[in-house]
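Only a predicted model underlies this, so the values are computations on that prediction, with no experimental measurement involved.
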Amino acid sequence: MSDQNRLGVFKTYKLYVGGKFPRSESGRVYEVTDSKGQWLANAPQSSRKDARDAVVAARKAFGGWSGATAYNRGQVLYRVAEMLEGRKEQFVREVAASEGLSKSKAAAAVDAAIDRWVWYAGWTDKIGQIAGGANPVAGPFFNLSTPEPTGVVAVLAPQKSSFLGLVSVIAPVIATGNTAVVVASADAPLPALSLGEVLATSDVPGGVVNILSGATAEIAAPLAAHQDVNAIDLTGADAELAKELEIAAADNLKRVLRPPVTRRRPSNEAQSATASSPVDADGASDSEDWSASPGTHRLTAFLETKTVWHPTGALGAAGSSY
């Protein structure tokens, strides 16, 4: 059969929850289009039930993932980068279509995303050296502070940067031993859903990363109010939604990573919004430059510090006694 007569097989995009690929519990889908309005695919529209299922999966995976050695987590993240490298052409196509980029610019974004996985993989066994250490105290004690993962983190992925931004918010969360429930970009979810396929064929245990697609506000609300979610990253929320979610997150004292403040609103907008609302010209909050060096602030954002006191014994002229 010639290629001209062959009927192509359209891809069915699914959620990624607990290491499996379910359809939305509600059975709903929505159309995903490119920057010109052309149909690309149908994506599952997640419900509140899907969000709750993802939290259950993330909590179940937390013990094993946080208990793994930092070196092992680094190996797993590096394996993800290896798998992404092998499927680079697919992600270039999806990023180009989702973000309206040329093939060369999409390829540069995908390359940067893969490099970022490798960069965070290298930090897994080093972050403890900058986020912890020995504290000087007055007395015969060792006083040691060590970072520990917060727990289950809800992550609202950037709305505009469908892959590089996505990787930049997921990788630091899991590199430090947390598990994640990720809400993909509402308008450009395809790279995120394909990333789930990569994670499933890497060494990432099921439930460590769970990926949902659909309306950001609909999915984020139950996550922000969920009592078994320990932290939330509001990067993909606009200013109004971020405020609502932050209020809901206060109920069980979740850690909250706020969207970056990019500029102040002009004075004629001051009556309708606070002066420091994190928006760009389009009203979106995710105007962070994802191509810039990421630093370590996202690695430390979802870490708790445990401090341990231990007696050193008698220290005197005769020497120490342990």
Side-chain angles (χ1 to χ4, degrees), residues 24 26 28 30-33 35 37 43-52 54-55 98-100 150 152-166 168-170 173 180-189 192 210-290 297-298 301-302:
S24 173
S26 65
R28 298 177 301 170
Y30 68 102
E31 291 188 355
V32 178
T33 58
S35 59
Q45 187 168 343
S46 303
S47 66
R48 289 173 173 264
K49 178 64 164 55
D50 294 315
R52 292 195 298 269
V55 173
S98 297
E99 300 182 26
T150 296
V152 176
V153 181
V155 179
L156 309 188
Q159 298 296 329
K160 297 180 180 180
S161 183
S162 63
F163 193 55
L164 176 56
L166 174 78
S168 298
V169 296
I170 294 177
V173 170
V181 177
V182 183
V183 181
S185 165
D187 294 330
N210 305 274
I211 301 176
L212 306 175
S213 59
T216 301
E218 179 183 357
I219 309 169
L223 292 175
H226 201 296
Q227 297 298 298
D228 207 23
V229 173
N230 303 107
I232 186 168
D233 180 349
L234 300 177
T235 296
D238 59 36
E240 182 178 354
L241 177 59
K243 182 178 179 180
E244 295 175 359
L245 297 177
E246 191 167 353
I247 292 172
D251 192 44
N252 69 330
L253 303 180
K254 291 179 178 67
R255 280 182 173 265
V256 176
L257 182 61
R258 297 168 179 80
V261 177
T262 57
R263 68 167 177 84
R264 293 184 179 273
R265 290 179 181 267
S267 58
N268 61 351
E269 298 180 37
Q271 293 181 352
S272 60
T274 58
S276 58
S277 296
V279 296
D280 62 13
D282 298 322
S285 63
D286 57 322
S287 53
E288 187 170 338
D289 181 8
W290 298 108
H297 72 284
R298 287 189 174 274
F302 301 116

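Across all their heavy atoms, Tyr30 and Ser185 have their closest contact at OH-O, 4.3 Å. Looking at every heavy atom in both residues, His226 comes nearest to Asp228 through ND1-N, 2.9 Å. Residues Ala186 and Gly214 come closest through the heavy atom pair CB-O, 3.4 Å. Ala184 and Ala192 get closest at one heavy-atom pair: CB-CB, 3.5 Å.
Between Arg298 and Asp233 there is a salt bridge, since a side-chain N of the basic residue sits under 4.0 Å from a carboxylate O of the acidic one. Using a 4.0 Å cut-off between charged nitrogen and carboxylate oxygen, Glu218 and Arg28 count as a salt-bridge pair. Taking 4.0 Å as the cut-off between side-chain N and carboxylate O, Glu246 and Arg258 count as a salt-bridged pair.
Here the side chains of Val182 and Leu166 are in contact, with some heavy-atom distance below 4.5 Å. Residues Pro259 and Thr235 form no side-chain contact, since every pair of their non-hydrogen atoms from C-beta on lies 4.5 Å or further apart. Annotation: side chain of Val32 is not in contact with side chain of Asp187 (no heavy-atom distance under 4.5 Å). Side-chain atoms of Glu244 and Leu241, non-hydrogen and from C-beta on, do get closer than 4.5 Å to each other. Under the 4.5 Å side-chain criterion, counting only non-hydrogen atoms from C-beta, Val183 is not in contact with Val155. Between Ile232 and Leu234 there is a side-chain heavy-atom pair separated by less than 4.5 Å. Contact check for Leu257 versus Arg255: no side-chain heavy atoms found under the 4.5 Å cut-off. The side-chain heavy atoms of Val169 and Trp290, taken from C-beta on, include a pair separated by under 4.5 Å.
For the pair Thr33 (side chain) and Gly37 (backbone), a donor-acceptor distance under 3.5 Å is absent. The closest donor-acceptor contact from the side chain of Ser46 to the backbone of Ser213 lies under 3.5 Å. Between the side chain of Lys254 and the main chain of Gln227, no donor-acceptor pair closer than 3.5 Å is present.
Atom OG of Ser168 sits about 10.0 Å away from atom CZ of Phe163, to the nearest 0.5 Å. A distance of 9.0 Å separates CG in Leu245 from CG in Leu223, rounded to the nearest 0.5 Å. Taking CG from Asp50 and CD from Gln45, the interatomic distance works out to 10.0 Å, rounded to the nearest 0.5 Å.
A donor-acceptor contact closer than 3.5 angstrom links the side chains of Ser162 and Glu99. Gln159 and Thr216 form a side-chain donor-acceptor contact under 3.5 Å, judged by distance and modelled atom types alone.
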Review point. How far apart are the C-alpha atoms of Thr150 and Asn230, what are their side-chain angles, what is the distance that settles it, and do they pass the side-chain hydrogen bond (donor to acceptor under 3.5 Å, both in side chains) test?
Key: CA-CA 6 Å; Thr150 296; Asn230 303 107; over 6 Å; no
